Amino acid sequence: MCGRYASFRETQDLADAFAIDAALVDDRARELAPSWNVAPTDDVRIVVERGRKQDDGTTGPVERSLRVARWGLVPSWAKDPSVGNRMINARAESLLDKPAFTKPFAARRCLVPAEGYYEWRVVEPGTPATAGRKATRPRKQPYWITPADGDVAALAGLYEFWRDPSRGADDPLRWLVSAAVVTRAASDDLAPIHDRMPLVLPRSAWDAWLDPTVGKDEAAALLDVAPETMVTRTVSPLVSSVRNNGPQLLDPTDPGEPPCATP
DNA sequence: CCAGACGTTGTT
DNA sequence: GTCTGG
DNA sequence: CCAGACGTTGTT
DNA sequence: GTCTGG
C-alpha cells in the first residue's frame, strides 16, 4: 500500500504549509515537476529538519527545509541504489526491529507531502457491476484517497543518505537522499478498500516527528495517532500505468460497484 | 565465528 | 552498519 | 503500487 | 511465477 500518490501543490504553498523559510527550499525541489502519478524510484519533495554541515565541518543549528529524495529508501550499506526499489514503505508495527530503518527512525524522520494517494481493489468478474457483460479477467479498480479536510497530507516518512562510490568528492550526485513512507493498519472507513494506509500525521504531530533531537521512544508514540479522516472516489485505470500523468488522472468515475469488505 | 540478509504488499 | 541463523 | 520483462553471443 | 523498472 501507498505505492502511488500525487504531489502537485506549488512549492511555495508547500513551504507555507510547513513553515519553511524560502531560503531553505532546495533548488531541486523548486524544479521538480508536479506529478499526479508519483511512483517508486521517482524524485519526491520531503520536509526535513537537520543542522547543515558548515564550512568548518561542524553541524549548524537545526533548520526545517524542503528537499528532494528518491522514493525507496536506500540503506547506507547498499551496494547499489536498486536495493531501495522495494523499500518504499516501512511498517509502523515493526519499524523498530528492522535494521534498515532503525537509524532513520531514530534520527532521520521526514514528512512526505501528498495531495492524496491511490489504492487498487481487485474486482472479480461476475459481480453485479459486470453482470450481463462478457466474462472478463479480474480488473483492478483504482481509488483516489485524500484528507477530508482538503489540507495537504503529511505522510510520515524516513530518509537516508547513500554515498555513491562511483562519484568523486566534488560531484553533486555523490550523496543520494532517499525516503520511505510509514504505513499502518487502515482505518475502519478505508478497510473495505485496503487493509493498509500511510501514516498521515496531524499538524499537532509534525514538530515532534521532524525534530531530530526527539528519540525513538518519543517518536514511537506518534505512530499511534488516531487515523485522519479520508475521503475516497474511484478514478480511471489510466493511473495504473506510470507512463500516464496529469490532472485528468483524478477525474471521478462511476464507482459501478461499491467496495464491500466481505463478498 | 562467518555468511547472508536487511522490505512490503497481496494472494493463495 | 548491524542483526540473525547456522 | 502496477506493468512489463523474463537472454546471450557476437557483430555493427 | 517472479523479478525489475518506473
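Each chain gets a letter, A, B and so on, in the order its sequence line appears, and its residues count up from 1. From a predicted model like this one, the values you see are computed outputs, not experimental measurements. Hydrogens, waters and symmetry mates play no part in the numbers below; they use all other heavy atoms, side chains included.
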Could you state the [atom1]-[atom2] distance from [X] to [N], rounded to the nearest angstrom?
X      : N     : atom1 : atom2 : result
A/E93  : B/dG7 : CD    : C1'   : 13 Å
A/L158 : B/dC6 : CG    : P     : 18 Å
A/E160 : B/dG7 : CD    : C1'   : 14 Å

Reckon [X] touches a base, only the sugar-phosphate, or nothing at all at heavy-atom distances under 4.0 Å?
X      : value
A/V83  : nothing
A/F101 : sugar-phosphate
A/A180 : nothing
A/W120 : sugar-phosphate

Only counting residues at least two apart or in another chain, list the ones meeting ring pair (Phe, Tyr, Trp, His ring centres under 6.0 Å) with A/W120.
->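 Residues passing ring pair (Phe, Tyr, Trp, His ring centres under 6.0 Å) with A/W120: none at all.
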### Message
In whole Å, measure the gap between the P atoms of B/dT8 and D/dA3 for me.
### Response
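Those two atoms are separated by 23 Å.
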Point to revise | C1' atoms of B/dA5 and E/dG5, separation to the nearest Å | key: 23 Å
Would you say A/T41 and A/R70 are linked by a side-chain donor-acceptor pair, where the criterion is simply a distance under 3.5 Å?
no
- Can you name the closest pair of heavy atoms from A/R196 and A/T183 and give their distance?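 The answer is NH2-OG1, 3.1 Å.
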Table of protein N/O atoms under 3.5 Å from nucleotides 4-6 of chain E N/O atoms:
| residue | atom | partner | partner atom | Å |
| --- | --- | --- | --- | --- |
| E/dG6 | N7 | A/P40 | O | 3.3 |
| E/dG6 | N7 | A/T41 | OG1 | 3.3 |

**Asked** What stem regions, each of at least 3 consecutive Watson-Crick or G-U pairs below 3.5 Å, can be found for DNA chain D?
**Response**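 So far as stems of 3 or more pairs are concerned, DNA chain D shows D:1-6 with E:1-6.
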